[in-house]
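Whatever order the structure lists ligands and atoms in, that order sets their numbers, starting from 1. All residue numbers in this chain count up from 1 along the given sequence.
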Amino acid sequence: MQVGIIGLKYAGKTTLFNVITGAGLPVGQGGVEPHRAMGTVPDPRLDTLSELYQPKRTVHVQIEWVDVPGFEPGAGHDGAREATRFLEHARRVDALAQVVRCFDGGYGEPDPAGELATVALELILADLQIVEKRLEKLEKELRLKGKTEQPLEPALFERFRSHLESERPLRELELNADERRVVVGYALLTLKPLIVVLNHAEGEQPAAEVLAAAREAGAEVLSLCAAVEAELAELAPEEAAEFLADLGVSEPAAHRMIRAAYGALDLQSFFTVGPDECRAWTVRRGALAPTAAGVIHSDLERGFIRAEVCAYDELMAHGDHAAAKAAGKVRLEGKSYPVQDGDIIEIRFNV
Ligand SMILES: Nc1nc2c(ncn2[C@@H]2O[C@H](COP(=O)(O)OP(=O)(O)OP(=O)(O)O)[C@@H](O)[C@H]2O)c(=O)[nH]1
Ligand SMILES: [Mg+2]
């Protein structure tokens, strides 16, 4: 699972990529190759569990990030080449996080609403190209054979075309499960989940109309100052805590952004706890208990008997596992149990 950090040039993509992954790349230099790195998904719940269990090891979830090179609209041939490259890399990721420059910083007046519109249009036009090509093929197939291999496709792609022609992203459309299956192979950009990161100057807040434009992009919206986040990431933990306390917040804004991207990937976390290790694991939302067991080890899925489950909030409300159990908050769940975000799970198995 990969999240692509996208946006126009100078938006602060590489700055944020560094904050998230610790990659330490030079910023303000552009570049034509994407950067990839894993980044920890911070989870204060896991930190609290670690304080409770004092395990030898605490292991957070990691997801992969791609710093997609930016483009500059209206920059002639170079601009067109950059845009093509941008689309190519954006197509390969599972979710998009668009960074929008709301600070001046010597790069000229910010135009956040314009940036949002430019990127949205680029993605829409790229999808329209794919959809039109597909429709041409389908028409040919219909002419020659009287039917298409995938009967759903003609109507679906017509619907796509008309939506894209009205310059709207496809993620706004309701698709049923069959339609979703059909479109997977096309890597349509405006079907990918998108979060918007408004990168504003230190101490500033995005204007109401910018927020509205960002929400209009059909996405979760976060605002932060990448420069401040970068400073924070450089500090020792105690210093960072002081810095955050001065700002009156409990965690860096970048952490919220990472979790938003994680959620956009349709992922959730469950925990395993013990004296050796406290660990967060990833499953898709809606995944059943045996699948979660399989994430830990294939033997646990094969020999799955039951899952002993306690919700994180219940554990915290009762103070510890034994108290939660005494209060009847530790449940035994079977194979059809859909794992919930924050479940603390112990798998009973037999192989
Ligand atoms: N003042 C200010 N400057 C920032 C902020 N975020 C990034 N910058 C600066 O803006 C410049 C561009 O940042 P990058 O992170 O390289 O931007 P980018 O989006 O990766 O740009 P390209 O790779 O060229 O597309 C750098 O000089 C950063 O130091 C911010 O929040 N405030
Ligand atoms: Mg960059």
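For Phe71 and Phe86, the ring centers sit closer than 6.0 Å to each other. In summary, the aromatic rings of Phe271 and Tyr53 are positioned with their centroids too far apart to meet the 6.0 Å limit.
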Item to check | Residues Arg134, Tyr186; criterion side-chain hydrogen bond (donor to acceptor under 3.5 Å, both in side chains); working and verdict | outcome: CA-CA 9 Å; Arg134 186 65 200 146; Tyr186 295 95; 2.8 Å; yes

Checklist entry - Run the side-chain hydrogen bond (donor to acceptor under 3.5 Å, both in side chains) check on Trp281 and Ser269 step by step: do they pass? => result CA-CA 5 Å; Trp281 306 83; Ser269 297; over 6 Å; no

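Ring-plane geometry between Phe17 and His35 is classed as tilted, the angle between the planes lying from 30 to 60 degrees on a 0 to 90 degree scale.
The shortest distance between side-chain heavy atoms of Thr48 and Met316 falls below 4.5 Å.
Those atoms of ligand 1 with a heavy atom of Gly12 less than 4.0 angstrom away are 7 (C), 13 (O), 14 (P), 15 (O), 17 (O), 18 (P), 19 (O). Of all atoms in ligand 1, numbered sequentially from 1 with element shown, those under 4.0 Å from a heavy atom of Thr14 are 15 (O), 18 (P), 20 (O), 23 (O). Remark: ligand 1 atoms within the under-4.0 Å shell around heavy atoms of Gly70 are 25 (O). Those atoms of ligand 1 that come under 4.0 Å of a heavy atom in Val27, given as number and element, are 16 (O), 29 (O).
Counting only distance, with no hydrogens or angles, the side chain of Asn18 and the backbone of Thr15 share no donor-acceptor pair below 3.5 Å. Here the side chain of Glu109 pairs no donor or acceptor atom with the backbone of Asp104 at under 3.5 angstrom.
Donor-acceptor pairing under 3.5 Å is lacking for the side chains of Asn199 and Tyr10. Under 3.5 Å, the side chains of Tyr337 and Arg331 contain a donor-acceptor pair of N or O atoms.
Summarising the geometry, atom CD belonging to Gln62 is positioned 10.5 Å from atom CD1 belonging to Ile258; distances are rounded to the nearest 0.5 Å. Distance NE2/His297 to CD1/Ile347: 13.0 Å, rounded to 0.5 Å. To the nearest 0.5 Å, atom CD of residue Glu333 and atom CZ of residue Arg348 are 12.0 Å apart.
Annotation: atom 15 (O) of ligand 1 to nearest protein heavy atom, Thr15 OG1, 2.5 Å. Atom 21 (O) of ligand 1 has Tyr10 N, 3.1 Å as its closest protein atom, hydrogens excluded (heavy atom only). Of the protein's non-hydrogen atoms, Tyr107 OH, 3.5 Å is the one closest to atom 26 (C) of ligand 1. The closest protein non-hydrogen atom to atom 16 (O) of ligand 1 is Gly28 N, 2.6 Å. Considering only non-hydrogen protein atoms, atom 6 (N) of ligand 1 sits nearest to Asn199 ND2, 3.3 Å. If you check which protein heavy atom lies closest to atom 23 (O) of ligand 1, you get Gly30 CA, 3.3 Å. For atom 25 (O) of ligand 1, the nearest non-hydrogen atom of the protein is Lys13 NZ, 2.7 Å. At the shortest separation from atom 8 (N) of ligand 1 among protein heavy atoms lies Phe103 CZ, 3.5 Å.
Polar contact with ligand 1: absent for Gly105 (N/O pair, distance under 3.5 Å).
Protein N/O/S atoms found under 2.8 Å from the Mg ion (ligand 2): Thr14 OG1.
Residue contact check for ligand 1: Ala11 places a non-hydrogen atom closer than 4.0 Å to it. In this structure, Cys225 counts as a contact residue of ligand 1, since one of its heavy atoms falls inside 4.0 Å of the ligand.
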